[in-house]
Amino acid sequence: MTAEEAKILLTGQGLRPGLLREAESFREKYPWQGTRKVAVPRYPYFGKEILEQALAALLAGANLLLVGPKAAGKNILAESLALLLGRPAWNVSFHIDVDASYLIGMDTFKGGEVQFRPGPVHECASLGGVCILDEINMARNEAMAVLHSLLDHRRLLEVPGYEQLQLHPAARFIATMNYGYAGTRELNEALLSRFVVLHLPVPGEEELMALFSYEFPDLRQEAGQMLAALFMDIRKKYEEKEISGRALDLRGLLESVRLIRLGLTVKEALAMGLVNKCFDVQEKTLVEDLLALRVSEDWGAKEFFSF
Ligand SMILES: Nc1ncnc2c1ncn2[C@@H]1O[C@H](COP(=O)(O)OP(=O)(O)OP(=O)(O)O)[C@@H](O)[C@H]1O
Ligand SMILES: [Mg+2]
């Protein structure tokens with residue numbers, strides 16, 4: 001998919017014209033001429049309201065925090081937004097080993113000389129990219145402290161031993177976090193107050209159908225509807241707290257469709273993609289029952305695809 005095609009898929013969801021004009025002026029004001037590519041996301045984000053709200057936040061100059069469960073599209077939304085702004089993205093994963101010097105950069109020796117090698121946050125901030133602070137709540141405090149002056153009105157990065165770096169006016173920050181999983185922490189309030197926050201929903205039927213027809217153009221309409229209905233059933237059980245979120249896994253659902261295409265039956269494929277993620281016997285049975293109600297389990301590639 002080209003950048004133009006991706007942009008059409010994103011804006012074609014009926015985003016407000018005023019917002020699209022603002023995005024266009026942003027792109028004209030800050031045309032990207034660097035060597036790093038403005039990447040096309042692997043999937044476009046489907047979800048008009050969230051796209052509008054997120055784009056408005058970035059155009060207003062706010063830092064954006066995307067909160068949501070696994071596979072809610074946090075990363076593809078961040079990448080889709082970078083594309084709409086026409087700026088390249090730098091992805092920084094905040095695992096436990098990330099420290100301040102990794103983010104900012106450090107002195108290294110090259111040809112007998114000390115040289116500063118910028119870290120991803122420094123590079124992105126100075127060139128005016130979109131910095132994706134991925135899984136920000138996994139960060140240790142020391143790494144979070146770097147972000148404070150960067151993310152408020154000062155828009156400054158403290159670089160130890162060097163002058164402070166003033167952010168490029170086009171630089172934007174998008175953080176993502178899962179909430180409440182093992183290993184995640186609360187964001188402290190001072191850091192949280194530097195963001196506007198969007199809670200990403202698990203996609204609904206309409207978004208799923210759009211995603212299916214994008215990813216599997218030859219998937220039959222009825223097959224797509226069947227899977228979407230199953231996913232909605234699982235979502236409902238999850239919302240009613242009857243099951244955990246393990247089987248509510250869009251990545252797993254997409255993988256299942258790929259397995260069906262390769263010749264596995266629907267039952268086999270959905271077992272691998274969704275059902276077998278439930279380790280509790282009762283929960284597994286419940287998901288299997290939902291499956292039996294919704295899908296014709298012995299169907300395979302022939303019934304699913306029109307190739
Ligand atoms: N609204 C959506 N539009 C398009 N694709 C979506 C959407 N929501 C989820 N997906 C799909 O879910 C998968 C995961 O997307 P992504 O990696 O962005 O999720 P995430 O929220 O960052 O997950 P995690 O918390 O596990 O990192 C992709 O295959 C993506 O296509
Ligand atoms: Mg992610």
Side-chain angles (χ1 to χ4, degrees), residues 1 5-15 39-55 64-84 89-96 98 130-139 173-185 187 195 197-217 219 224 227-228 230-232 234-235 238-239 244-261 269-270 272-274 277:
M1 190 172 51
E5 285 166 346
K7 257 189 256 172
I8 290 168
L9 277 174
L10 292 165
T11 57
Q13 296 176 49
L15 303 202
V40 179
R42 168 69 180 80
Y43 306 89
Y45 182 83
F46 294 107
K48 170 177 180 272
E49 280 76 25
I50 293 284
L51 259 175
E52 282 188 334
Q53 291 161 16
L55 184 59
L64 178 62
L65 173 63
L66 306 176
V67 185
K70 61 160 194 301
K74 297 183 288 297
N75 285 84
I76 59 146
L77 173 59
E79 290 160 20
S80 299
L81 291 164
L83 178 70
L84 289 175
W90 272 256
N91 197 80
V92 185
S93 287
F94 274 79
H95 52 81
I96 198 75
V98 165
V130 173
C131 192
I132 302 173
L133 308 166
D134 204 18
E135 315 275 356
I136 192 171
N137 57 330
M138 304 283 263
F173 292 86
I174 306 176
T176 79
M177 68 184 259
N178 276 309
Y179 190 75
Y181 287 161
T184 62
R185 316 188 197 176
L187 280 196
F195 289 96
V197 183
L198 274 178
H199 286 260
L200 264 56
V202 174
E205 211 149 348
E206 195 183 323
E207 289 79 29
L208 274 183
M209 290 306 285
L211 180 56
F212 286 154
S213 71
Y214 168 77
E215 183 65 3
F216 309 109
L219 181 73
L227 294 177
L230 170 69
F231 201 70
M232 292 305 107
I234 297 175
R235 186 173 86 168
Y238 168 74
E239 283 164 358
S244 74
R246 289 195 181 90
L248 188 60
D249 185 350
L250 186 44
R251 278 197 193 93
L253 187 67
L254 296 176
E255 293 301 351
S256 301
V257 180
R258 291 186 191 106
L259 294 175
I260 297 169
R261 187 203 279 277
L270 288 173
M272 290 167 75
L274 303 182
K277 288 176 183 168

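Start at 1 and go down the list; that is how both ligands and their atoms are numbered.
Under 4.0 Å is where a charged nitrogen must lie from a carboxylate oxygen, and between Lys48 and Glu207 no such pair does.
Excluding waters, the set of protein N, O or S atoms lying under 2.8 Å from the Mg ion (ligand 2) comprises Asn75 OD1.
Using a distance-only test at 3.5 Å, with no hydrogens or angles considered, a donor-acceptor pair links the side chain of Gln13 to the main chain of Tyr45. Put simply, the side chain of Thr176 gets close to the backbone of Glu135: a donor and an acceptor are under 3.5 Å apart. Between the Asn137 side chain and the Asn178 main chain, a donor and an acceptor come within less than 3.5 Å of each other.
The closest side-chain heavy-atom distance from Val202 to Phe231 is below 4.5 Å. Side-chain contact between Glu215 and Arg42: present, with at least one pair of heavy atoms (C-beta onward) separated by less than 4.5 Å. For the pair Met232/Glu205, a side-chain contact is recorded, criterion being any heavy-atom separation below 4.5 Å from C-beta on.
For Arg261, the salt bridge (charged side-chain N to carboxylate O under 4.0 Å, His left out) partners at least two apart in sequence or on another chain are Asp218. Listed by chain and residue number, Lys277 satisfy the salt bridge (charged side-chain N to carboxylate O under 4.0 Å, His left out) test with Asp249 (two or more places apart in sequence, or in another chain).
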May I have a table of the N/O to N/O pairs between ligand 1 and the protein that fall below 3.5 Å, each row giving the two atom names and the distance to 0.1 Å?
| unit_1 | atom_1 | unit_2 | atom_2 | d |
| --- | --- | --- | --- | --- |
| ligand 1 | 1 (N) | Phe46 | O | 2.8 |
| ligand 1 | 3 (N) | Phe46 | N | 2.9 |
| ligand 1 | 8 (N) | Ala72 | O | 3.3 |
| ligand 1 | 17 (O) | Arg251 | NH2 | 3.0 |
| ligand 1 | 18 (O) | Lys74 | N | 3.4 |
| ligand 1 | 18 (O) | Asn75 | N | 3.1 |
| ligand 1 | 18 (O) | Ile76 | N | 2.9 |
| ligand 1 | 19 (O) | Gly73 | N | 3.2 |
| ligand 1 | 21 (O) | Ala72 | N | 3.1 |
| ligand 1 | 21 (O) | Gly73 | N | 3.1 |
| ligand 1 | 21 (O) | Lys74 | N | 2.9 |
| ligand 1 | 21 (O) | Lys74 | NZ | 2.8 |
| ligand 1 | 22 (O) | Asn75 | N | 3.2 |
| ligand 1 | 22 (O) | Asn75 | OD1 | 2.7 |
| ligand 1 | 23 (O) | Ala71 | N | 2.8 |
| ligand 1 | 23 (O) | Arg251 | NH2 | 3.1 |
| ligand 1 | 25 (O) | Lys74 | NZ | 2.7 |
| ligand 1 | 25 (O) | Asn178 | OD1 | 3.4 |
| ligand 1 | 25 (O) | Asn178 | ND2 | 3.2 |
| ligand 1 | 26 (O) | Ala71 | N | 3.4 |
| ligand 1 | 26 (O) | Arg251 | NH1 | 3.0 |
| ligand 1 | 26 (O) | Arg251 | NH2 | 3.1 |

